[in-house]
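For reference, the structure is listed below as structure tokens.
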Amino acid sequence: MSIVEIADAEGGISLHQRILSDISERIMSGAWAPGHRIPFEHELSAQYNCSRMTVNKALSQLAKAGLIERRRRSGSFVRRPQSQAAVLEIHDIRIEVEALGLAYRYERVARHKRRSSAEDRALLELGVAGPVLALECGHFAGERPFAHEQRVINLAAVPEAADEEFLAIAPGPWLIGRVPWSEAEHRIRAVAADRLIAAALDIAAGAPCLVVERRTWSAEHPVTHVRFTYAAESHTLVARFTPSQG
């Protein structure tokens with residue numbers, strides 16, 4: 001331990017804690033964005049006039065907390081914040097983003113009112129053709145894309161959606177506030193990003209993504225089918241359950 005390290009420890013805060021605090025503050029404030037390379041151990045050691053062991057201890061703790069990713073021979077990098085969503089719940093993406101301590105922003109990309117296609121009818125399990133509203137939306141965490149939304153709404157079940165532009169409010173919370181759902185189905189799968197998804201999420205084409213598809217019904221009427229696509233590294237699904245009885 002150097003003379004400076006001893007002095008800091010005697011002053012009530014160790015250099016290890018200072019390094020942790022300084023790097024955490026830069027990450028949480030957005031000064032160091034996801035993907036930013038943290039200074040190398042020898043650079044931090046020189047900056048704080050301390051041993052590399054002290055720096056290594058601080059970086060290891062930051063990695064354990066999920067704030068940085070340590071790559072062999074490449075250094076340490078700020079991780080993209082990872083959210084957790086419950087598999088068995090219909091959740092609001094805004095809540096997911098704000099739980100990460102980031103500002104949420106929503107953007108409607110496209111809106112089309114049309115007669116249902118064969119694909120629409122398959123997604124919604126409709127027996128006959130009818131009017132639907134197709135939406136494409138973006139959800140952002142801070143400045144970064146967080147999720148890409150592709151949704152079809154059955155206008156026979158929710159006719160008032162035909163007059164809603166969905167510019168100021170995302171379709172998910174709008175529907176939850178107006179249509180009591182009685183049944184929902186989730187399907188979860190992994191895909192490689194095609195060009196559309198890669199552009200929407202600002203990731204490389206072919207990068208791994210997590211897709212969550214959901215259908216909801218009100219009584220026996222199909223209400224909506226939605227597909228949320230997330231960059232795989234930024235999202236985790238969680239299921240919590242208890243043993244069945246009998």
Side-chain angles (χ1 to χ4, degrees), residues 83 85-97 104-141 145-203 205 208-232 234-235 237:
S83 73
V87 177
L88 304 179
E89 295 178 3
I90 293 181
H91 56 277
D92 187 342
I93 290 181
R94 174 191 289 274
I95 295 173
E96 283 185 66
V97 171
Y104 169 79
R105 180 169 66 84
Y106 157 77
E107 178 182 306
R108 193 203 76 187
V109 178
R111 178 185 182 277
H112 301 290
K113 187 164 59 174
R114 65 178 187 232
R115 188 171 179 81
S116 60
S117 64
E119 182 182 3
D120 296 331
R121 293 193 292 277
L123 292 174
L124 290 166
E125 292 190 342
L126 295 173
V128 296
V132 297
L133 184 67
L135 295 158
E136 182 182 348
C137 312
H139 301 267
F140 296 80
F146 182 75
H148 181 67
E149 175 178 349
Q150 297 164 294
R151 183 184 293 269
V152 180
I153 299 174
N154 177 18
L155 292 178
V158 198
E160 58 267 39
D163 300 320
E164 176 59 51
E165 292 295 325
F166 295 105
L167 290 171
I169 185 171
W174 186 92
L175 284 166
I176 289 172
R178 286 163 178 78
V179 185
W181 63 277
S182 57
E183 185 179 352
E185 173 190 85
H186 277 157
R187 292 179 181 269
I188 303 155
R189 57 194 172 93
V191 301
D194 59 22
R195 283 186 294 177
L196 183 151
I197 293 299
L201 294 179
D202 192 20
I203 57 178
C209 293
L210 183 69
V211 173
V212 179
E213 292 187 80
R214 181 170 69 234
R215 285 188 291 195
T216 56
W217 291 262
S218 182
E220 73 277 11
H221 304 294
V223 172
T224 187
H225 174 278
V226 62
R227 179 183 295 118
F228 293 110
T229 306
Y230 303 83
S234 69
H235 203 70
L237 290 170

For the student: nearest non-hydrogen atoms of [X] and [Y], plus distance:
X: V212; Y: Y230; answer: CG2-CE1, 4.3 Å
X: A162; Y: L155; answer: N-CD2, 3.7 Å
X: S218; Y: V223; answer: N-CG2, 3.6 Å
X: P222; Y: A157; answer: O-CB, 3.4 Å

Where at least one partner belongs to residues 113-132, residue pairs that pass ring pair (Phe, Tyr, Trp, His ring centres under 6.0 Å), sequence neighbours excluded: none
Distance (rounded to the nearest 0.5 Å) between [X] [atom1] and [Y] [atom2]:
X: D202; Y: I197; atom1: CG; atom2: CD1; result: 13.0 Å
X: L126; Y: H221; atom1: CG; atom2: NE2; result: 11.5 Å
X: L135; Y: R108; atom1: CG; atom2: CZ; result: 7.5 Å
X: I93; Y: F228; atom1: CD1; atom2: CZ; result: 4.0 Å
X: L124; Y: S116; atom1: CG; atom2: OG; result: 8.0 Å

Only counting residues at least two apart or in another chain, list the ones meeting salt bridge (charged side-chain N to carboxylate O under 4.0 Å, His left out) with [X].
X: R195; answer: none
X: R115; answer: none
X: R94; answer: E98
X: D163; answer: none

Partners passing side chain to side chain donor-acceptor pair (under 3.5 Å) against Y104 (at least two apart in sequence or in another chain): H139
Could you tell me which residues satisfy side-chain contact (heavy atoms from CB on, under 4.5 Å) with [X], sequence neighbours excluded, listed by chain and number?
X: R227; answer: L123, Q150, R189, V211, E213, H225, T229
X: A200; answer: H148
X: A156; answer: N154

Any donor-acceptor pair under 3.5 Å from Y106 side chain to C137 backbone: no
Donor-acceptor under 3.5 Å (T224 side chain, V152 main chain): yes
Identify every side-chain donor-acceptor pair in residues 170-180 under 3.5 Å, counting partners at least two apart or on other chains, and give the distances.
unit_1 : atom_1 : unit_2 : atom_2 : d
W174   : NE1    : E164   : OE1    : 3.4
R178   : NH1    : W174   : O      : 3.3

Salt bridge (charged side-chain N to carboxylate O under 4.0 Å, His left out): pairs with one or both residues in residues 150-162, sequence neighbours excluded: E149-R151
Pair listing, salt bridge (charged side-chain N to carboxylate O under 4.0 Å, His left out) test, anchored in residues 116-137, at least two apart: R114-D120, E125-R215
Step-by-step side chain to side chain contact (heavy atoms under 4.5 Å, CB included) determination, W217 to E185: CA-CA 9 Å; W217 291 262; E185 173 190 85; 3.9 Å; yes
